[in-house]
Amino acid sequence: MLILPCPFCGQRDESEFVNAGPTKPSRPDANVSDAEWVDWLTVPENPIGYIEEKWWHAKGCGKWFTIKRHTVTHEIVTADVMPDDVGKRTGETT
Amino acid sequence: MIKAPFRLPSGGMIDRRKHIEFEFNGKAYFGHEGDTLASALLANGVFLTARSFKYHRPRGIMGAGVEEPSCLVELLGENAAGNHPATTIRLRPGLAAKSVNCWPSPNFDLLSINQLFSRFLPAGFYYKTFMWPNWHLFEPSIRQAAGLAAAPDEQIPAQHYETRYWHGDVLIVGGGPCGLLAALVASRSGARVMIIDENPHPGGYLRASQTMMNGKPALDWITAIRTELDANSEVTQLWDSTGWGYRENNLLMVTERNPSEAHVFQRGWKARARHVILATGAIERNLVFTNNDRPGIMLASAVQRYLNEFGVIPGRLPIIFTNNNSAYQLAHELQAAGTKVTAIVDSRPTDVIGSEKNGLEIPIYAAHQISTAHGGKHLHAVSIHAKDGVTKKLDCDLLAVSGGWNPAVHLFSQSRSDLAYDEGLASFVPDKQAQKLSCVGAAAGMMNMASAMDKTVSAITTILGELGFESPTFTLPELVPSPNYHLYPLWHVDGMKPGDKAFVDIQNDVTLDDIGLAMREGFDTVEHVKRYTTAGMGIDQGKVGNVNVIGNIAKISKKQPGDIGTTTFRAPFTPVDFGSIAGQRNGATVLPFRHTPITQWNKEQGAIMYEAGARWQRPGYFPIVGGSMQDAINTEANAVRFGVGVYDGSPLGKFDISGRDAAAFIDLLYTNDFNDLEIGMGRYGIMLNDDGMILDDGVTFKLAENHYLMSASTGFADLVFRHMEYLLQVECPNWQVWITPVTSQWCNATICGPKARDVLAALGTSVDISNKAFPFMAMRDGSVADMPARICRVSFTGEVSFEINVWPRHAEALWLRIMEAGTPFGIVPVGSETSHVLRVEKGFLSLGHEVDGTVDPFDLGMGWIMSSKKSHSIGRRSVDIRRSSGKQRRELIGLIPESGGELVPEGAPITPNGDRIASEGFVSACVWSVVNKQVIALGLLINGRARIGETVIIRDQERTIKAIVTKPCFHDPMGHRLRG
Ligand SMILES: [Zn+2]
């Protein structure tokens, strides 16, 4: 069981979190091909090494956040408060 | 009281004043406080204690601790438990145990006939036998013959398991000389320290041997350390506790078997340390020769421990068989105890046998091996042979064997750290650490105690420095110099013939022959050999045998053991009670139930309570006197269809959604348009996952501009919340939207049926409830029965419905007023079963029935909900791609089964012609319809909408049922009634 760095709550036990798998690339624009869409939807990264992934502090503050974790050693090297795939949605109001 | 014949008149660490009576295989014996079941049995001369797993060969006790491969017992009575090694059971008054694997007793075991048929039980026997199509013919008898102990089915009376967390600086596993030393140094530095050991008392090898420290017995040194640790509030000592699992981020799973609190049966610890020190010692190996499993053959280290810790020498004529010099210490100690060792048989040549033999008045057969042991139910002699082939037979009743030592690297390996093969030890030692941990002492392959303790000091000093603690002062104890460990590997003795029963894994009855057979059949890696022969797969996990398996694979394949490698070490290190993992998370406390304020009233009415999803407790139905469950459901359903009913809809998921971008957010979530929704009105919507499959459905009301009240399915509300928070936080972080789950802030009673409006009028309300002023899908704030209320006109039944939402504190009062005001109209409370009937009659979809993660709105005939103006809603793109493929899909249909009034099981497959072939659909729901007076069903069927009027065939195991395909609505298809 991991210790995860919640950007609000600090180091907490994995049992408080929900894992949502590898961070997806930004949601594609409407004009991508069907093949590109399906690729985005169904092909997650699965490296031996560092992977960026999403976690939800479900039994805590409710924050969704991103960490970089080594899939073999479980070393966690970065914890971003803000994910880097911000604001790509069409129709965004800000 | 009969004197225990193999107990020495003095010595050992047992309390001889305290006698303990216990029972083994139905006979009564006496032992002492401090005994294990194994030491007490040996003291009483009970040597035949078990039968083996496969061949039912007679077996005795081989080890003295967790390594025991041979004597498994089942504990009876209170605290019953299966498959414990006798060597790890502390003797206590009233203990009753019996052998496993034999019936009726180990002395007269009917299944021992397996020995005669052993050539039919070779390696891979299970794989060769349990093959389709006839495996089920063999399974029951094999299970019975190979049966280990049965699992207990009683709860532990008056005690419970619990879990505790610990976070600290240094965690030391193992309380031997190096572990204790590390704990002492670390504790003096001010660090928070935990030390654990699987034995009831720390000391490890110091208790099992006659080691002197500073010229005094080592126990004095241990006592001094314990006194100091006791006084340090930063130190946690867990004895009789096993660290059995090494997880990520230095988390150790520990089971404390005898907590001081009487009400705690066992305590599971989740202990996390900044640095872990493994001082887990080493485990002795067996030697492989013919009949090396006979009762009377034991590990040398075990004999030594029985002598020193328990005052027991389990034989009169001992012989020692070794390939190394560590077993000579046993000879010295037996000699000092006045027992003459008949011989030492040492496979090493004379010239390498050094100072270890000094002072021994015993014949030493150097460069000799034991070829076979003699005796059936007990050892009585061994045959030895020299390199030149000369043989000799020696009488003995106890054979102490030592095949060398394996560092106990189990936890180290579990931490995902790497092992390396050490030629000098002929075993695997810790190499590269994957986490913050260190190995010290014999666990690190350091077999000389003085230098191991010296190295422990430098290791702990470095660790404390890294953790920011100053190293304290202390003095190392003075030890009597001992020779350096020396061994020549002996993977099996010379001159073995095919068919010889020489065991590499005693517990699983795996012989050297089996290893050879597996490799000849092509299973030549260590992982394959393990699985094919089952070597190392027993409860002992091959603690004494695994390295011998590896050595023999290497020998047969003419490689080095280091090239073969080990199998993966997995938790648990020793068997663990499930209870100690679960702690108090037992029964309903695992996931607490959720109740509405009406639960008590429901129970008083005799309602049968169900789980309605997400642990919410709802009445399933209200039984009626003298009637069946179906009668009760029919009564409730008739009331709603033709009179009036009321149900407690409080568990329905509810979210208050507000903020500048709330409208845009609702638009993103749902596939249909919400832009033109007026304030005070609600709309049904479906939300999809990104894969275009339905995530949930529900009604959302617009309370004000950019302010909504969304409902979600009871069982899926938590998932919907997660989905919405993900979108807002990850994909739309600049949007201003706040989501407040208000499921428990609003309770509701839903009055439904043709007379619903009359009941609401009788209750008294400030709201104009005429159909004109308050149409379907509208909501109004006001009062009902003088309580503040929000009334919504939604319908999950197909009839006129008023959902009256009030604060939870008013819910029960409202409910009682409704029952009172509704009595003249014949109102009845309605349970989940009836809700199900009503929604099936209407063809309303249900999450978990029709919607199972594989359907989209088109499949349900709801293509109209996919707004043509919206391409950006979640999941839309995937639905479009799927539709464009033109593939036939399963579509929602109604079914009228010709089942003679009987219900068809929900989930039953529909197959072409009813054949036993791949299904073309399934029955998602089936009920007795009170309006149609027949059995009706919903289902999903390939290309179903084009097949209305067809007859299809449902399979219910052996039986087939014809059914006519209909539209998926059996009542008021135009919806006039619910708008009324
Ligand atoms: Zn948090």
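Letters A, B, ... mirror the listed sequences (proteins, then strands); counts begin at 1. The structure displayed is predicted, hence computed values, not measured ones.
- Contacts of B/Ser878 with chain A are made by both backbone and side-chain atoms, with heavy-atom separations under 4.5 Å.
- With a 4.5 angstrom heavy-atom cutoff, B/Arg722 touches chain A via backbone and side-chain atoms both.
- At a threshold of 4.0 Å, the pair B/Asp169-B/Arg192 does not count as salt-bridged, since none of the basic side-chain nitrogens sits closer than that to a carboxylate oxygen.
- Of the listed residues (B/Glu725, B/Gln435, B/Arg247), the greatest number of heavy-atom pairs within a distance under 4.5 Å of chain A belongs to B/Glu725.
- Contact tally against chain A (heavy-atom pairs below 4.5 Å) for B/Asp718, B/Leu728, B/Asp880, B/Asp690: the top residue is B/Asp690.
- Ranking A/Leu41, A/Val38, A/Val18 against chain B, the residue ahead of the rest is A/Leu41, based on heavy-atom pairs under 4.5 Å.
- Ion pair B/Lys869/B/Asp676 not flagged as a salt bridge, since none of the NZ, NE, NH1 or NH2 atoms sits closer than 4.0 Å to an Asp/Glu carboxylate oxygen.
- We find that A/Asp13 and B/Lys270 are not joined by a salt bridge, their nearest charged nitrogen and carboxylate oxygen being 4.0 Å or further apart.
- A ring-ring contact (aromatic ring centres under 6.0 Å, His included) with A/Phe17 is found for exactly one of A/Phe65, A/Trp64, A/Trp56, namely A/Phe65.
- At a 4.5 Å heavy-atom cutoff, the contact between A/Ala20 and chain B is made by backbone and side-chain atoms alike.
- B/Arg882 has no carboxylate O lying under 4.0 Å from a charged side-chain N of A/Asp34, or vice versa, which leaves the two without a salt bridge.
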